[in-house]
Amino acid sequence: MNLIAIEEHFLTPDIRAAWSASAIGQEGTASFDRGEIEERLDDLGPARIALMDEAGVDVQVLSVTTPALHNLERDESVLLARRTNDLVSATIAAHPARFQGFATLPTASPTDAARELERAVRGLGLAGAMVCGRTREKNIDHPAFRPILGTAAKLGVPLFIHPQIPQRAVRDAYYSGFDDSVDTAFATFALGWHYEAGIQFVRLMLAGIFDEYPDLQIILGHWGEVVLFYLERLHSLSRVAKLRRSITDCIRQNLYVTPSGMWSHSYLQRTLEIVGPERILFSTDYPYQYRPGGAGGSFVRESALTLDQKALFAHGNWERLMNHASREKS
């Protein structure tokens, strides 16, 4: 069964250098991208493809790892976005059967980001964009980011909201008080990352973004970044916020969900109950969750999905989403 993995990360020396020179940079998460992980992030050639083959992954949809360009200054991020998207395009051209890509956006300048998204999709053939929700102190629903959201909706391409570490005030209030390593883990991969990404999506719903752009499609990793597991409670916000479309409707019509290498059959079942088999996408969160042995393919094969549903999960839903985007941008 063809496996298209949609949350597969890389990094460039230019972005790493920009993070190092920035006062904000990676906000204390630089240690996550060192050693073997760093080597795998940097490689866009034979070594990556060899590990894809070992894992049984046919296609990776490439994206810059968190926090992408969200903490950088405007001019620098505009330059880096163009350079990075050109690199992804060249990588796809060198291995067209193995790679696709999400655009990297200079979100410090939303107007430039919208232009770059259009260039990346129409000119380079990229599949949408991966964003990290918050850009410094501004959440993704801030009015300044309407050009990005509107352009994605116009082009018919998805925005993947990827986790990033919560802002400093939140970390100090909720994720501190232990030693540095525990504080950082608590604020990132243990919990904070996932609340952060899920909240950004909820904010889009509360701001009426899906009333304004009813066809805008969002992707969340890690089985919906906690949001799906509290849908019954979140639904009450529809009435309080006086939304034209309910929280439940937005989740079922504007959200795709992917596991990010979390091979949990119970999480899959909960996701199916809410969004159904046509809104699940496969991903391994390479290189962070990579383990030898092809666990991702085994997870799909051993799931309780029907054969047709397994095909949708493995590749069919992504291909349908990309076919829709191709019609919109043509």
Side-chain angles (χ1 to χ4, degrees), residues 6-7 61-64 66-70 77-78 81-82 84-85 88-89 92 100-135 138-164 197-221 224-225 227 245 249-258 275 279 281 283 317-330:
I6 71 154
E7 187 187 349
V61 183
L62 301 169
S63 58
V64 169
T66 188
L69 309 181
H70 286 237
S77 63
V78 170
R82 290 186 65 88
T84 303
N85 294 331
V88 172
S89 178
I92 294 168
Q100 299 175 30
F102 282 116
T104 302
L105 301 182
T107 56
S109 177
T111 301
D112 287 307
R115 280 197 290 263
E116 180 60 17
L117 176 58
E118 185 145 9
R119 185 187 80 93
V121 171
R122 291 189 185 277
L124 303 180
L126 301 192
M130 181 168 283
V131 296
C132 294
R134 175 180 56 84
T135 298
K138 292 179 180 176
N139 295 306
I140 195 171
D141 62 294
H142 191 283
F145 299 121
R146 288 300 194 278
I148 300 173
L149 302 174
T151 299
K154 177 186 72 174
L155 295 171
V157 295
L159 295 178
F160 193 132
I161 301 179
H162 190 275
Q164 66 175 316
I199 286 170
Q200 295 297 320
F201 176 65
V202 173
R203 292 189 66 93
L204 289 178
M205 292 188 285
L206 291 178
I209 294 299
F210 301 109
D211 292 339
E212 188 174 351
Y213 305 115
D215 296 326
L216 176 63
Q217 299 299 312
I218 301 295
I219 302 171
L220 287 178
E225 307 293 6
V227 169
R245 295 175 57 214
D249 285 347
C250 290
I251 285 177
R252 289 176 173 163
Q253 297 173 25
N254 299 91
L255 179 66
Y256 284 84
V257 177
T258 187
V275 301
R279 285 190 167 269
L281 304 167
S283 67
N317 289 333
W318 177 254
E319 291 168 343
R320 187 184 68 249
L321 185 56
M322 291 301 97
N323 286 337
H324 170 76
S326 295
R327 290 194 300 271
E328 290 297 311
K329 68 185 182 184
S330 62

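For clarity, every value in this text was computed on a predicted model and none was experimentally measured.
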Exercise for the section: Side-chain contact test, heavy atoms from C-beta onward, threshold under 4.5 Å: evaluate it for Ile199 versus Asn139 and give yes or no. Expected result: no

Problem - Heavy-atom side-chain contact between Ile251 and Val275 under 4.5 Å - result: yes

Exercise for the section: Any chance you could lay out the side chain to side chain contact (heavy atoms under 4.5 Å, CB included) test for Thr104 and Met130, step after step, and finish with the verdict? Expected result: CA-CA 6 Å; Thr104 302; Met130 181 168 283; over 6 Å; no

Problem - Main-chain N/O of Phe102 paired with Ser63 side-chain donor or acceptor, under 3.5 Å - result: no

Handout entry: Step-by-step side chain to side chain contact (heavy atoms under 4.5 Å, CB included) determination, Ile218 to Asn254
Key = CA-CA 6 Å; Ile218 301 295; Asn254 299 91; 5.7 Å; no

Fill in the blank from the handout: One should read off an interatomic distance between Phe201 CZ and Cys250 SG, to the nearest 0.5 angstrom, of 6.5 Å

Practice task
Using the side chain to side chain contact (heavy atoms under 4.5 Å, CB included) rule, take Arg119 and Asn85 through it: C-alpha gap first, then chi angles, then the decisive distance, then the call.
Solution key: CA-CA 9 Å; Arg119 185 187 80 93; Asn85 294 331; 4.1 Å; yes

Exercise for the section: Indicate yes or no: at least one non-hydrogen side-chain atom of Ile161 is less than 4.5 angstrom from one of Val131. Expected result: yes

Problem - Main-chain N/O of Leu281 paired to Thr258 side chain as donor or acceptor, under 3.5 Å - result: yes

Practice task
Rounded to the nearest 0.5 Å, what's the gap from CG on Leu159 to CD1 on Ile148? Could you check?
Solution key: 8.0 Å

Practice task
Nearest 0.5 Å please: distance from the CD1 atom of Ile92 over to the CG atom of Leu62.
Solution key: 6.5 Å

Handout entry: Minimum-distance pair of heavy atoms, taken over all atoms of Pro147 and Ala114
Key = O-CB, 3.5 Å

Handout entry: Minimum side-chain heavy-atom gap Glu116-Pro106 below 4.5 Å
Key = yes

Distance-only donor-acceptor hits, side chain of residues 204-217, under 3.5 Å, sequence neighbours excluded:
| unit_1 | atom_1 | unit_2 | atom_2 | d |
| --- | --- | --- | --- | --- |
| Asp211 | OD1 | Arg245 | N | 3.3 |
| Asp211 | OD2 | Arg244 | N | 3.3 |
| Glu212 | OE1 | Arg146 | NE | 3.2 |
| Gln217 | OE1 | Arg279 | NH1 | 2.8 |
| Gln217 | OE1 | Arg279 | NH2 | 3.2 |
| Gln217 | NE2 | Asp215 | O | 3.3 |
| Gln217 | NE2 | Gln253 | O | 3.1 |

Exercise for the section: May I have the step-by-step check of side-chain hydrogen bond (donor to acceptor under 3.5 Å, both in side chains) for Asn323 and Arg320, ending in yes or no? Expected result: CA-CA 5 Å; Asn323 286 337; Arg320 187 184 68 249; over 6 Å; no

Exercise for the section: Provide the closest heavy-atom pair for Ser77 versus Leu69 in the form atom of the first, atom of the second, distance. Expected result: O-CD1, 3.4 Å

Completion exercise
On a heavy-atom basis, the closest approach of Ala144 and Lys138 is CB-NZ, 4.4 Å

Practice task
Indicate, with yes or no, if the rings of Trp318 and Phe160 have centres closer together than 6.0 Å.
Solution key: no

Exercise for the section: Measure from the side-chain N and O atoms of Gln164 to the backbone N and O of Cys132, and report whether any donor-acceptor pair falls under 3.5 Å. Expected result: yes

Exercise for the section: For the pair Phe145 and His142, name the ring-plane relationship: parallel under 30°, tilted 30 to 60°, perpendicular over 60°. Expected result: perpendicular

Practice task
Under the side chain to side chain contact (heavy atoms under 4.5 Å, CB included) rule, what do Arg134 and Gln200 come out as? Steps first, then yes or no, please.
Solution key: CA-CA 7 Å; Arg134 175 180 56 84; Gln200 295 297 320; 4.0 Å; yes

Fill in the blank from the handout: CG (Leu117) and CG (Leu124) are apart, to the nearest 0.5 Å, by 11.0 Å

Problem - Nearest-0.5 Å distance that lies between atom CG in Leu321 and atom OH in Tyr256 - result: 4.5 Å

